[in-house]
Amino acid sequence: MHCETCNAQYRPLLTIGSGEWDGGSGSWIPLEDREEPSGPTGLRTRANAPTVTIGRGYNLQIYICPTSFDHPHLEVMQ
């Protein structure tokens with residue numbers, strides 16, 4: 001992916017995921033999340049404790065141009 005202003009290759013700035021880990025397969029679980037919480041959790045799940053959801057469960061990635069912060073950034077949702 002290249003900047004439309006100067007054609008420089010974009011660099012990743014930030015990725016926001018809809019979950020902390022894969023709640024279905026449990027392929028990566030932090031040590032503190034291996035046991036079910038003892039108290040009420042409301043809408044929270046162990047895999048998405050901050051309750052952040054991008055779209056319908058996607059990840060949002062933001063890329064910037066390394067040449068200038070004034071150049072347009074790029075947003076990708078996967």
Side-chain angles (χ1 to χ4, degrees):
M1 300 176 290
H2 293 87
C3 176
E4 61 188 47
T5 304
C6 69
N7 205 35
Q9 186 172 354
Y10 279 112
R11 291 191 182 159
L13 174 68
L14 175 68
T15 298
I16 302 170
S18 289
E20 294 288 318
W21 49 276
D22 180 2
S25 69
S27 62
W28 180 83
I29 303 174
L31 291 174
E32 60 271 12
D33 292 333
R34 292 186 187 258
E35 295 181 22
E36 291 290 335
S38 58
T41 59
L43 297 175
R44 294 176 185 231
T45 64
R46 292 187 313 149
N48 189 8
T51 63
V52 172
T53 302
I54 306 296
R56 292 183 178 173
Y58 300 107
N59 293 327
L60 176 66
Q61 300 169 329
I62 300 176
Y63 295 85
I64 59 169
C65 176
T67 305
S68 174
F69 289 113
D70 294 327
H71 292 184
H73 65 277
L74 179 67
E75 299 170 6
V76 177
M77 191 178 339
Q78 296 180 332

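For the single chain, residues carry numbers from 1 onward in sequence order.
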Verdict with reasoning, Cys6 to Ser68, per side-chain contact (heavy atoms from CB on, under 4.5 Å): CA-CA 9 Å; Cys6 69; Ser68 174; over 6 Å; no
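With rounding to the nearest 0.5 angstrom, the CZ atom of Arg11 is 15.0 Å from the CG atom of Leu74. Rounding to the nearest 0.5 Å gives a distance of 5.5 Å between OH of Tyr10 and CD of Glu4. Note: Ile16 CD1 to Gln61 CD = 10.5 Å, rounded to the nearest 0.5 Å. The structure places CD1 of Ile54 at 13.0 Å from CD of Gln78, a figure rounded to the nearest 0.5 Å. To the nearest 0.5 Å, atom CD1 of residue Ile62 and atom CG of residue Leu14 are 5.0 Å apart. In this structure, CE in Met1 is found 8.0 Å from CD in Gln9, a value given to the nearest 0.5 Å.
By the criterion of side-chain heavy atoms lying less than 4.5 angstrom apart, applied directly or through intervening Ile, Leu, Val, Met, Phe, Trp or Tyr residues, Tyr58 is not grouped with Tyr63; the two fall into different hydrophobic clusters. No continuous path of ILVMFWY side-chain contacts below 4.5 Å connects Leu13 to Val76, so the two sit in separate hydrophobic clusters.
Between Asn59 and Gly17, the shortest heavy-atom contact is OD1-CA, 2.9 Å.
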